[in-house]
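Keep in mind the model is a prediction, meaning the values are calculated, not measured.
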Amino acid sequence: MKNILMDLRKEITVFLIPVILLTACNFGNKKPGNKQQGVNAAHTDSGPAKKAVDIPALSTEAYVSAIVSKRQAIAAQLPGINAETAAKLYRSLALYVDTALAGISGNEAKWLDEYVNYYSEAKKAVVPPAKVQQRIQLLATAGIEPWGIGEGYTELRIEPSFYTHLFKTSLPADYSMFLQLQADEDTVLYSADAGLIVSFNLIGKRALNWEKFLDTHPNSIFVAEARELHERYCYDYLFGEDNTPSFDHRDDLGSLYPENKAEYLSFIQQHGDTKTGRLVKQFLDKLSTAKTYDDLWRYMRTAIGTAYSGELSLLPVQTDFLAGNIESLTKKVYDTVSTEIGIGGGAAEKIERNLDSILYFQQDNNTYCVAIFTNRGKSGGAPFSGWVDVWAFKKTDGHWQTAAYLLNAGGGGMYGNSGSFDKLIRIGTHTTGIVVSGGITHMGSSVSWDDMIAFQEEKLFPVMNIVTQNAYDAGNGIQKCSNNKWVLQHSGQQENYDLVIFPGSCMGGNTPLDRIMVPYKKGRYNIPAEFQDKGI
């Protein structure tokens, strides 16, 4: 499953590690540490995520022995255990296995690079030399196997049934359902060489499975990853991949392959009352009105995003308010803003400003437009910084006027990275969130983050900054990799939605370790400090 999420994640180059992180807990028996939390942040899963510690690199034999030992220890504890304690055991084991697997992959890199060359045409199978076969047999004792991922690459992975076979019925219902779906999907390679390997029909069924999971377990610790999976399967079901597209020609929307159209019509007939079925119907309906493939893609991106992620339904392009109109209304302000940025030593660099995104939407029965401007040092060299400006415009009696603007609203980074617009999302009944992303790669650190700016009562103001991924490479391999997913959830009768953070490890897979709820109070989400640390 890991390979199909890569396009949705903020990309961070991850190297194999000779020195790794391991969890400091001993399978749920140790008392929680004194992890400092921000004000009003509440853990709603089974206690706080455990701290990770650096340990010396281990041999493959040591890693394998540890995995086998930990798996046996858990198996002995499971009879009669309650579901929440079993969930702690799962998270502890998954965190160890993910990081250990990265260490093992580094140890075994030489033969992994050559694995594809061991294929025998005569036997129609991979026939590794004896020494390599011994390594494979050693790994198998820990449930680890080589897995070809296309283009001549082989990686090590945990066998699909590793966790379901161990925990059986001991876990909470959402854990069991998530891990079983994951195991079922991982029995076959999903895609390789920029093409789908499974059928479109099967992809549609996968989207339905994750829709069922999200409807059944809306508060699960896995909800963020399940949303990503549902979205990815919807995209691939409707558009395919580069080498297995659903259209014969991207520039001709009438070139949808007949077999794809027949598949979609059958899907609507069988599953038209589901969210996924309605998305498929929207896709077919839009084919007759969209002007280009990109128009269709943007329309469906928003439609898919509204299904579970709370993204706003956008209005069509308002032809009476386009880029030229926006630049005219913003000129008066930008004429007063410096066009240079200091770069040290008394020198300055010219700022390159671009109108990046224009979006139209409704709020409180009014029509608005949000425009995103990116700003960056022209040459993009070190140490220039960049940022994003956000503007909001309102249509009143047929005329557009500026409602609010926020310069240096978020995004950014180093080396001229301006950041970029991500999405519009519903924060509350009368509040829209504009999400922009930023990131840096500097001195071994690779960090990405999300900023959210609220638009409420015709005002723009920042409400959130959260690091979404943080990796550090000390020059001899990744020393850490944390991953923080987040969603907004509406609960009760409150005006604004709660923010839910799922901190986790991304050393190998993406193992969520906690579920932390942060309420919207006094015009912002008070993010705990550990989720704002950019590490530099």
Side-chain angles (χ1 to χ4, degrees), residues 1-16 105 109 112-119 126 145-157 160 182 184-207 209-210 225 227-264 267 276 279-280 283 287 290 292-305 420 422 437 439 446 448 469 483 506 508-510:
M1 180 176 297
K2 170 174 65 176
N3 61 315
I4 74 167
L5 287 173
M6 292 177 66
D7 292 340
L8 291 175
R9 297 176 185 148
K10 306 237 179 1
E11 293 186 1
I12 298 244
T13 302
V14 177
F15 299 92
L16 298 176
S105 297
L112 282 171
D113 288 342
E114 297 294 326
Y115 191 77
V116 67
N117 298 326
Y118 303 146
Y119 184 81
V126 174
E145 64 181 6
W147 181 246
I149 58 174
E151 297 184 336
Y153 293 102
T154 304
E155 66 179 16
L156 294 177
R157 70 166 190 171
Q182 191 176 55
D184 292 343
E185 292 182 357
D186 285 351
T187 57
V188 295
L189 188 63
Y190 178 75
S191 67
D193 303 334
L196 298 168
I197 294 177
V198 301
S199 68
F200 280 93
N201 179 265
L202 183 56
I203 296 171
K205 290 178 179 177
R206 289 188 177 193
N209 287 338
W210 289 109
E225 189 163 357
R227 287 184 182 185
E228 290 180 355
L229 286 163
H230 179 260
E231 290 180 7
R232 174 62 186 270
Y233 287 135
C234 286
Y235 287 131
D236 286 353
Y237 183 58
L238 298 175
F239 293 96
E241 291 188 353
D242 288 349
N243 290 332
T244 51
S246 54
F247 292 88
D248 190 21
H249 301 287
R250 282 176 59 105
D251 56 355
D252 180 9
L253 293 183
S255 69
L256 179 70
Y257 286 114
E259 57 268 31
N260 283 77
K261 185 172 183 179
E263 165 66 29
Y264 302 149
F267 189 94
T276 308
L279 288 171
V280 177
F283 174 83
L287 276 177
T292 67
Y293 182 94
D294 289 341
D295 286 342
L296 179 64
W297 172 267
R298 284 191 292 267
Y299 175 83
M300 290 310 303
R301 183 202 181 282
T302 300
I304 292 170
S420 60
D422 183 15
S437 301
S446 296
S448 59
Q469 199 157 25
N483 181 29
C506 50
N510 277 277

Undergrad: What distance do Leu296 atom CG and Leu256 atom CG have between them, rounded to the nearest 0.5 Å?
TA: 9.5 Å
Undergrad: Using the rule given for side-chain hydrogen bond (donor to acceptor under 3.5 Å, both in side chains), can you reason through Tyr257 versus Asp248, listing the C-alpha separation, both sets of side-chain angles and the distance that settles it, and then say yes or no?
TA: CA-CA 6 Å; Tyr257 286 114; Asp248 190 21; 3.2 Å; yes
Undergrad: First locate atom CZ of Arg250, then atom CZ of Phe239, and finally report the distance between them rounded to the nearest 0.5 Å.
TA: 9.5 Å
Undergrad: Return the minimal non-hydrogen interatomic distance between Asp193 and Gly150, and the atom names on each side.
TA: OD1-C, 3.7 Å
Undergrad: If I take atom CZ from residue Phe247 and atom CG from residue Asn260, how far apart are they, to the nearest 0.5 angstrom?
TA: 8.5 Å
Undergrad: So, for Gly305 and Glu231, which heavy atoms are closest and what is the spacing to 0.1 Å?
TA: CA-OE2, 4.2 Å
Undergrad: If you define the side chain from C-beta out and look only at heavy atoms, does anything of Arg157 sit under 4.5 Å from Asp186?
TA: yes
Undergrad: Taking Gln469's backbone N and O only, do any of them form a donor-acceptor pair with Asn483's side chain (distance below 3.5 Å, no angle check)?
TA: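 Such a contact is absent between Asn483 side chain and Gln469 backbone.
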Undergrad: Suppose we screen for ring pair (Phe, Tyr, Trp, His ring centres under 6.0 Å). Which residues come up paired with Phe200, at least two apart in sequence or across chains?
TA: none
Undergrad: Should Asp422 and Arg301 count as an ion pair when the cut-off is N to O under 4.0 Å?
TA: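 Between Arg301 and Asp422 there is a salt bridge, with a charged N closer than 4.0 Å to a carboxylate O.
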Undergrad: Which heavy atom of Ala192 sits nearest to which heavy atom of Ile149, and what is that distance?
TA: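 Looking at all heavy atoms of both residues, the closest pair is CB-O, 3.6 Å.
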Undergrad: Return yes when atom OH of Tyr119 has more than 12 non-hydrogen atoms of other residues, nucleotides or ligands closer than 6.0 Å, and no otherwise.
TA: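 Count over threshold, so yes.
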Undergrad: Phe267 and Gly204: which non-hydrogen atoms are nearest, and at how many Å?
TA: CE1-O, 3.7 Å
Undergrad: Do you know the tightest heavy-atom contact between Leu238 and Met300?
TA: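 Closest approach of Leu238 to Met300, heavy atoms only: CD1-CE, 3.7 Å.
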Undergrad: May I ask you to test the Cys234-Thr276 pair for a side-chain heavy-atom distance under 4.5 Å?
TA: yes
Undergrad: To the nearest 0.5 Å, how far apart are OH in Tyr118 and OG1 in Thr154?
TA: 9.5 Å
Undergrad: For the residue pair Tyr299 and Asp295, confirm or rule out a side-chain donor-acceptor distance under 3.5 Å.
TA: no
Undergrad: Will you find, in the side chains of Asn209 and Tyr233, an N or O donor that is under 3.5 Å from an N or O acceptor?
TA: no
Undergrad: For the pair Glu241 and Arg232, find out whether any cationic side-chain nitrogen is under 4.0 Å from an anionic carboxylate oxygen.
TA: yes
Undergrad: Hey, what do you get for CD1 (Ile197) to CG (Leu189), rounding to the nearest 0.5 Å?
TA: 4.0 Å
Undergrad: Tell me every residue that passes side chain to side chain donor-acceptor pair (under 3.5 Å) with Glu259, counting only those two or more places apart in sequence or in another chain.
TA: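 In terms of side chain to side chain donor-acceptor pair (under 3.5 Å), with neighbours along the sequence ignored, Glu259 is linked to no residue.
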Undergrad: Would Tyr293 and Leu253 count as a side-chain contact (heavy atoms from CB on, under 4.5 Å) here? Give the steps.
TA: CA-CA 6 Å; Tyr293 182 94; Leu253 293 183; 4.2 Å; yes
Undergrad: Quick check for you: to the nearest 0.5 Å, what is the distance between Tyr237 atom OH and Asn201 atom CG?
TA: 6.5 Å
